[in-house]
Amino acid sequence: MSDSSSDDDIALSKRNKASLNGNGKKRKKINSSDDDDDVPLSKRIATPPASSPLKKRKTEPKSKSTSKNGTSKKDVKEEPITPKKATVKKSTTSPTKKSTTASKKAVKKDDDKDKDKGKVKISKVKKEEKEDTPSQSQQPEEQEDEETYKWWEAEDLDGEVKWDSLEHNGVLFPPEYEPLPSHVKLWYSGKPIDLPPTAEEVAGFYAAMLETDHAKNEVFQKNFFEDFLQVIKETKDDQLRSTIVSFDQCDFSKMYAHFEQLREEKKGLSKDEKKRIKEEKEKLEEPYKTCYLNGRAELVGNFRVEPPGLFRGRGAHPKTGKLKRRVFPENVTLNLSKDAKVPPPPPGHEWGEIRHDNTVTWLAMWKENIADNLKYVRFAASSSIKGQSDFKKFETARNLKNYVDAIRKDYTKNLKSELMQERQLASATYLIDKFALRAGGEKGDDEADTVGCCSLRFEHITLKPPNIVVFDFLGKDSIRFYQEVEVDKQVFKNLRIFKKSPKGPGDDLFDRINPSILNKQLQNYMKGLTAKVFRTYNASKTMQDQLDLIPNEGTVAEKLVKFNAANRTVAILCNHQRTVSKSHGNTVQKINDKLKEFLWQKIRLKKMILLLEPNLKKKDKKYFEEIEDLIKEDEEYIHDLVITRQREQVLKKMVRDNEKLKSENEPLLTEKSDSIKEKLDKIKELEDDYKKELKTGKPVMRKTVTVEKLKQQIETIETRILNTTLQLKDKEDNSEVSLGTSKMNYIDPRLTVMFSKKYDVPIEKLFTKTLREKFTWAIESADKDWRF
DNA sequence: ACTTCGACTTAGTACATTATAA
DNA sequence: TTATAATGTACTAAGTCGAAGT
């Protein structure tokens, strides 16, 4: 069992195979999507091709042990940080002194009062009445009720130092592994196997995912199994080691079934019990949720250490399925004030490192073992520190409008530059500006092969004279970017040059530039300008323009629809997608059936009118024209639909009633029971009527009606048809577009606030609670006339 | 000059909760 | 009231970008 060393080979042999031509570092990968040659526009191909699309959702038991593990957590929380009383920071602390040394990190952290940042004025000092109850009980509620710190009314900070004091209670570790009950085992070669807990845990990770697409992915299986073998090796159980050698012999289904059962049980819990469990969980988390930044309470974002599991890489990630190992306190570095109390590590453990670096904003950090990346515990999105940088981001983007004309003019000119590098820079900037591409840094062979602007390769664009470019590549998260667009003539020419031989598939389109060069160039125009600013700028600009088109009229619901439509144009610009839910096809089918049925009803009613007054047909030809639209097959189909549905309803109700009767020990109903039979007979009668109708083409009328009434009914149905049609269209339009990402990251929230105020649409309809908290600064600072 | 590292933002998906239809 | 669909949140992977390292 070679361990890690072999990762690379496995990792998608297919993909790397191709890479030879071009210079060494270039990767090649021509068919990112073997199987989807003609996927409809912008359909993602990230997901593994095979796999049955209609699989019902399987949830994998997240981490085993539903139980309240008994680990040490509690001990830890015994002393949450003391509420640090109000630290009234004098508003005017040393006004700006420019941070002297440019970059020394960690140099000036801690408490020397003369930080550079200075000038944060506290507009409202929070008082903490709780001070006398030092321990656990500082409830967030109380604190929330107090005035929150309005940093946006304070002066800005600018500089290296991010805080003056920082206190927190560390991080929450996942519960220890609890071995499965003895009757649940991994089976191998048809026999149950005893696994030591560490190995069983890993097997369980896979078992829990058995019905997911991941588990069916070969790379995933390979990576998982390799690491599984490695863990077995680490157990030093030589016999076991020699037993388990082949993935194909492993049968995880028993374990899977067990997890399913646990899930069911959990679902079946009574309300009270669920509530109790939840409360317990909250209590456990309590101490970690809040920290103190410069003496003020702030929420922590991800205070939970990521639990071990199998790495779920997106797209064709070479490392997908590898074991993400458990993180121990020894792996964790905490960051807090020098004079802050260091939270006690879980009993029997030590913290890896304690740091006091006030030039960064993370509270804790550890290194993950898949790609050796750092993972951070940070402040929540609603925190002042995040809010400030968010604000800054939008102000930078907003500032771009003062420069964008010049920049565009320049790059248009430079499209013809004699210098290849300049020409490439100009062309790349054009693409970023026009199509909202990302910068596109280099990626390694041990990552999914995705690209952005600077890393576009030969095969990612196709040129169609005179000036059409077809983009087709996988971007961030392996989301497909497919667009057929018209471009500037000169850009088209340039792209053709950039593709000229000897370049071929696998070669970089922009071989003279990279994001670093590009950004450096952009900085010349404006401080803080980088490639990603264009995405923010263009997104917000687009939103502003779209909102400007909306008339201030109609109901709230109508205005909301328009707002969402504007939001959608932005999402489409940024290529924000989501997978269509596997039930989507079904849903659409259902709606279509509904529509058909409405139509049928309508026509049927019209026929009735004619039965009552045949001469109307000549009088109002148009009105009755559509009767011909209904073809026999459809009619039959709908009859069947209606009849089947009614029967099912009756039977379903019977089943439900029976459950009640059963518990009361009453005799059960059957299809023979009088009440049921009566209903069924009626349906049968209806069915016969329909059959007759089908033959004669004349609806059977059992009740007396008037033409007036029928016309009225028709009208009702018509509005229903209209509504349903709209609903369907909306659903289709939206099914693969994700509005959330742009709302959260790209559209200046002040635009949304402006819309809310100007159009009188409650902000609750536009921002969810979390977004309202994140964007409090915008809600309080923008008015109805605000402009991006 | 280029690569790697560190810290931060952006992103889709899995799961939980709430709203709506039946 | 219950089943299902829509919406919202938690989670963590995957980007960007500046600075350190070589």
Side-chain angles (χ1 to χ4, degrees), chain A residues 25 44 46-47 57-62 102-105 162 209 212-214 263 267 274 278 301-307 309 311-315 317 319-320 324 335 357 359-362 365 367-368 370-376 378-381 385-386 389-390 392-393 438-444 447-448 450-455 475-479 514-520 522-523 528-533 535-536 571 574-579 581 583-584 586-587 590 594 645 648-649 652-653 656 660 731 734 738-742 744-746 767-771 773:
Chain A
K25 57 157 52 146
R44 75 171 18 160
T47 48
R57 139 164 324 190
K58 230 64 187 220
T59 11
E60 34 246 89
K62 240 204 149 126
S103 49
K104 66 303 87 230
K105 246 170 170 191
K162 305 289 185 25
M209 300 173 70
T212 65
D213 287 346
H214 279 124
R263 238 162 49 86
K267 213 163 58 179
K274 278 186 192 157
K278 199 172 164 193
N302 54 330
F303 50 82
R304 221 184 292 274
V305 169
E306 293 177 18
F311 174 67
R312 294 145 117 102
R314 308 206 175 139
H317 194 122
K319 294 193 172 184
T320 194
K324 201 166 88 163
N335 188 34
D357 184 352
T359 67
V360 296
T361 62
W362 49 267
M365 175 264 276
K367 189 172 250 182
E368 147 274 333
I370 301 293
D372 269 3
N373 287 324
L374 299 174
K375 297 278 195 165
Y376 299 91
R378 323 179 138 277
F379 287 93
I385 226 166
K386 289 280 191 134
S389 66
D390 220 28
K392 238 183 186 160
K393 172 184 82 183
R438 297 186 182 82
E442 267 304 299
K443 294 193 71 188
E447 300 172 274
T450 62
V451 300
C453 185
C454 293
S455 48
K476 183 178 180 180
D477 292 307
S478 293
I479 296 299
N514 60 41
S516 169
I517 296 173
L518 189 112
N519 284 334
K520 227 159 259 165
L522 292 175
Q523 316 268 354
L529 184 59
T530 62
K532 83 196 260 285
V533 177
R535 265 170 84 81
T536 314
C574 296
N575 199 40
H576 289 144
Q577 301 186 22
R578 60 176 182 172
T579 35
S581 71
S583 63
H584 180 254
N586 257 334
T587 315
K590 254 189 228 160
K594 198 154 89 179
R645 186 175 61 214
E648 270 170 8
Q649 271 170 1
K652 238 189 221 162
K653 179 157 189 326
R656 230 180 309 141
K660 202 183 280 169
K731 204 158 236 148
N734 255 339
S738 165
L739 305 190
T741 306
S742 49
M744 168 147 56
N745 299 306
Y746 287 102
F767 283 150
T768 64
K769 182 155 89 58
T770 18
L771 280 185
E773 282 161 8

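Chain letters run A, B, ... following the sequence lines, proteins first and then strands; every chain starts at 1. Bear in mind that the values here come from a model prediction, so they are computed numbers and not experimental data.
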Sugar-phosphate, base or nothing in reach of A:E368, heavy atoms under 4.0 Å: nothing
Short side-chain N/O contact from A:T450 to OP1 or OP2 of C:dG15, under 4.0 Å: yes
Candidate nucleotides B:dT17, B:dA7, B:dG12, ranked by approach to the side chain of A:Y376 - the nearest: B:dA7
Degree of bending in the helix from B:dA1-C:dT22 to B:dA22-C:dT1 once both end axes are built from five pairs, to 10°: 10°
Phosphate-side-chain proximity, A:Q523 and C:dG18, N/O vs OP1/OP2 below 4.0 Å: yes
Phosphate OP1/OP2 of B:dT9: any A:S389 side-chain N/O under 4.0 Å: yes
Phosphate OP1/OP2 of B:dT9 contacted by A:K386 side-chain N/O (<4.0 Å): yes
Any protein N or O atoms within reach of nucleotides 5-10 of chain C? Criterion: under 3.5 Å, listing atom names and distances.
unit_1, atom_1, unit_2, atom_2, d
C:dA5, OP1, A:K590, NZ, 3.0
C:dA6, OP1, A:K731, NZ, 2.2
C:dT9, OP1, A:T770, OG1, 3.1
C:dT9, OP2, A:T768, OG1, 2.8
C:dT9, OP2, A:T770, OG1, 2.3

Given B:dG12, B:dA7, B:dA11, the nucleotide with the shortest approach to the side chain of A:Y746: B:dA11
Side-chain N or O of A:H576 closer than 4.0 Å to phosphate OP1/OP2 of B:dA11: yes
Position toward the 5' end of DNA chain B (nearest nucleotide), A:R378 or A:I517: A:I517
Rounded distance (Å) that lies between atom P of C:dA13 and atom NE2 of A:H214: 10 Å
A:K375 NZ to B:dT9 C1', straight-line distance once rounded to whole Å: 14 Å
Whole-Å gap separating P (B:dT10) and CD1 (A:I479): 17 Å
Separation of atom CG in A:N373 from atom P in B:dT4, rounded to whole Å: 13 Å
Minimum-distance nucleotide (side-chain atoms of A:T741 versus B:dG12, B:dC8, C:dG15): B:dG12
Sidechain-backbone polar pair: A:K319 side chain, A:A448 backbone, donor-acceptor under 3.5 Å: no
Rounded distance in Å - CG (A:D357) to C1' (B:dC8): 14 Å
Given DNA chain C, 5'-ward residue of the pair A:S516 and A:F311, judged by closest heavy atom: A:F311
Distance below 4.0 Å between A:N302 side-chain N/O and C:dC11 OP1 or OP2: no
Contact nearer the 5' end of DNA chain C, comparing A:E306 with A:L529: A:E306
DNA chain B: 5'-proximal contact among A:R438 and A:D372 (nearest heavy atom): A:D372
Distance below 4.0 Å between A:T530 side-chain N/O and C:dG18 OP1 or OP2: no
Expected output: side-chain A:D390 to main-chain A:K386 donor-acceptor under 3.5 Å: no
Listed nucleotide nearest any side-chain atom of A:W362, set B:dA14, C:dC17, B:dC8: B:dC8
Sugar-phosphate, base or nothing in reach of A:K324, heavy atoms under 4.0 Å: sugar-phosphate
Spacing of A:K476 atom NZ relative to B:dA11 atom C1', expressed in whole Å: 5 Å
Contact under 4.0 Å: A:K520 side-chain N or O vs C:dC17 OP1/OP2: no
Listed nucleotide nearest any side-chain atom of A:K443, set C:dG15, B:dT10, C:dA13: C:dG15
Nucleotide of C:dG18, B:dA11, B:dT9 approaching A:K393 most closely (side-chain heavy atoms): B:dT9
Nearest to side-chain heavy atoms of A:A531, which nucleotide of C:dG15, C:dC17, B:dA7: C:dC17
Touch class at under 4.0 angstrom, heavy-atom based, for A:G740 against every strand present: nothing
Side-chain donor/acceptor contact of A:K532 with base of B:dT9 under 3.5 Å: no
Aromatic plane relationship, A:Y376 with A:W362 - under 30° parallel, 30 to 60° tilted, over 60° perpendicular: tilted
Interatomic distance, A:D477 CG vs C:dC11 P [rounded to whole Å]: 18 Å
Length of the CG-P vector between A:L374 and C:dT16, whole Å: 18 Å
